[in-house]
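Read through the structure below, which is laid out as structure tokens, and then see the notes.
Ligands are counted one by one from 1 in listed order, and the atoms in each one are counted from 1 as well. Positions are given from 1, in the same order as the sequence printed here.
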Amino acid sequence: MVGFKALCFGLFCILFASHIYTPVPDNVEESWKVMALDATAKTCVFTALFLEKIGIMRFEEFLSMVFMLDYTQPVSDEYITVTDNTFIDVPVRLYLPKRKSETPRRAVIYIHGGGFCCGSFKQTAYDFLNRWTANRLDAVVVAVDYRLTSQYHFPVQLEDGITAVKFFLQDKILRKYGVDPNRICISGDSSGGTLTAAITQEMQNDPEIKHKIKIQALLYPALQVADSNLPSHLDNEHGILLTRDIAIKLVSLYFTKDEALPQAMRQNQHMPLESRHLFKLVNWSTLLPEKYRKGHIYTEPILGRPNYLLPGLLDKRALPLLANDSQLQNLPLTYILTCQYDVLRDDGLMYVTRLRNVGVQVAHDHVEDGIHGALSYMSSPFHLRLGLRIRDMYISWLDENL
Ligand SMILES: *[C@@H]1O[C@H](CO)[C@@H](O)[C@H](O)[C@H]1NC(C)=O
Ligand SMILES: *[C@@H]1O[C@H](CO)[C@@H](O)[C@H](O)[C@H]1NC(C)=O
């Protein structure tokens, strides 16, 4: 057993060393720490790919196990009562301020990232962020988990989110937690941003929902897969913490375990003929500001190659950028944060343009030295000043607008 552990440790060191020299852009702070985090992440991913290749376990199963090492229990403190609960059958972690309040409170519903395949509100970083939010805003925070793509595919993740949000928006539940129905926000990062954007679209366009979401916040969200050759995909092909290849693998798993999808997606030949009309909704040559288009030439996608039928790829409930203009019009005030060194950067940038084009108010923060997933690095030993900076930008926007 000791021998096996030593062997594992040795392998880890070799893999780590072979990944440590990823160049980090000059303007990124704490470059040594970022390099070490990137090497750790890439070592895990490489191990997951290797284990999948030799048939020991699936890629997403190994990554899920790694994420689970970081799960926390609900721990109340002097200011906030923290409990785990379920809304119908969806797990939630509630953060309720202890201080007495004369008036009903604001509320934030938070949906975590993790590529749809891993993670939970139980992760240290999310527990920290949600507790911080409850404390700073004197708000009720509801962190929502959803079933992951290691076992379930779209639309299960979205349905779990909608179930939890609808449950929370009932009068009797809002009263129970002392929440003001007119001051509710929904937020999420990365794949949690995908779900947040999709849930908000569903809620705002559903005549049966009485209490509407006041604001939504999307932190480096994924919002489309129709075009896998966006400038940000090409510029960050070997990006820090998230490469184009891994982003494609993860987002494919949202729809299917069939390897044909990611293979076609890498060539940008994964969309069926009947999706032609959707491409104007994700056309980066019209939707990206000049600055981000520079040095790239738009090419029409090659359609009709796939020999699989995946309705999800055409569904705005999976990919919020596929909603048409009239479906976007009713959206609430929106905060979008994008990071320069992020494969997903252009998804967020294009959503900013699409929403503004139909008159939705958008506050947009672009982090020039930002990398994907920085919010997951806010607590020791993986603590980045960048993560704290993004947290503070997001929280101060919430405080002013919720
Ligand atoms: C995308 O926009 C460019 C103009 O910038 C246009 O030439 C091209 O046909 C558009 N493609 C689609 C699929 O809408
Ligand atoms: C948007 O999509 C909806 C639902 O498919 C459709 O009823 C509506 O006509 C579309 N609107 C526009 C402007 O294309």
Side-chain angles (χ1 to χ4, degrees), residues 154-155 158-159 161-162 165-166 194-209 212-213 216 218 221-235 244 248 251 254-255 261 264-306 309-332 334 338 343-362 364 366:
F154 169 79
L158 178 67
E159 286 168 355
I162 289 178
V165 173
K166 278 190 174 167
T194 320
L195 294 170
T196 298
I199 293 168
T200 307
Q201 288 183 8
E202 294 295 299
M203 293 292 135
Q204 300 309 93
N205 291 316
D206 182 344
E208 286 180 9
I209 303 285
K212 298 295 180 193
I213 304 287
Q216 65 171 334
L218 313 176
L223 298 167
Q224 66 90 37
V225 299
D227 190 340
S228 49
N229 272 346
L230 301 177
S232 59
H233 293 147
L234 304 177
D235 290 345
R244 174 173 178 270
I248 285 176
V251 78
Y254 190 27
F255 301 98
L261 177 61
M265 214 182 267
R266 284 181 198 115
Q267 314 294 323
N268 206 21
Q269 299 181 358
H270 55 290
M271 295 296 279
L273 275 178
E274 56 271 36
S275 65
R276 184 171 298 282
H277 66 291
L278 296 174
F279 278 86
K280 64 175 188 300
L281 307 174
V282 296
N283 188 338
W284 64 261
S285 86
T286 57
L287 295 171
L288 282 186
E290 162 73 24
K291 174 178 163 197
Y292 305 100
R293 279 185 272 138
K294 245 192 339 236
H296 294 275
I297 295 163
Y298 184 80
T299 49
E300 298 284 337
I302 296 166
L303 304 178
R305 289 283 176 84
L309 185 68
L310 289 167
L313 290 181
L314 312 184
D315 194 334
K316 72 174 175 66
R317 294 177 312 142
L319 304 160
L321 261 167
L322 299 184
N324 68 27
D325 285 355
S326 48
Q327 291 159 331
L328 295 181
Q329 263 161 22
N330 302 326
L331 293 181
T334 297
T338 50
V343 202
L344 303 180
R345 180 193 72 196
D346 296 347
D347 287 19
L349 292 173
M350 292 198 294
Y351 209 45
V352 172
T353 308
R354 296 255 352 256
L355 295 186
R356 284 183 178 160
N357 284 350
V358 297
V360 173
Q361 278 191 60
V362 182
H364 175 213
H366 182 69

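- Each of the following atoms of ligand 2 lies closer than 4.0 Å to a heavy atom of Asn324: 1 (C), 2 (O), 3 (C), 8 (C), 10 (C), 11 (N), 12 (C), 14 (O).
- The closest side-chain donor-acceptor pair between His233 and Ser228, if any, does not fall under 3.5 angstrom.
- Shown in contact with Ser326 at under 4.0 Å from a heavy atom are these atoms of ligand 2, numbered in order with element: 1 (C), 10 (C), 11 (N), 12 (C), 13 (C).
- Per-atom contact check: atom 9 (O) of ligand 2 does not touch the protein, criterion being a heavy-atom distance below 4.0 Å.
- Below 4.0 Å from some heavy atom of Glu300 lie the following atoms of ligand 1, by number and element: 8 (C), 9 (O), 10 (C), 11 (N), 13 (C).
- Checking Asp227 against Asn268 by side-chain atom types alone, a donor-acceptor pair falls below 3.5 Å.
- In this structure, CE on Met350 lies 4.5 Å from CG on Leu230, to the nearest 0.5 angstrom.
- Between Ser285 and ligand 1, a contact under 3.5 Å exists for at least one N or O pair.
- Contact annotation for atom 5 (O) of ligand 1: protein present (non-hydrogen atoms, distance under 4.0 Å).
- If you look at His364 and Tyr351, their ring centroids are not closer than 6.0 Å.
- Counting non-hydrogen atoms of other residues, nucleotides and ligands closer than 6.0 Å to CD of Gln329 gives a total above 12.
- Heavy-atom contacts of Phe279 reach the following atoms of ligand 1: 13 (C) (cutoff under 4.0 Å).
- Listed by number with element, the atoms of ligand 1 under 4.0 angstrom from any heavy atom of Tyr298 are 1 (C), 11 (N), 12 (C), 13 (C).
- Between the side chains of His296 and Asn229, no donor-acceptor pair of N or O atoms lies under 3.5 Å.
- At the shortest separation from atom 12 (C) of ligand 1 among protein heavy atoms lies Asn283 ND2, 3.3 Å.
- No donor-acceptor pair closer than 3.5 Å links the side chain of Asp347 to the backbone N or O of Ala222.
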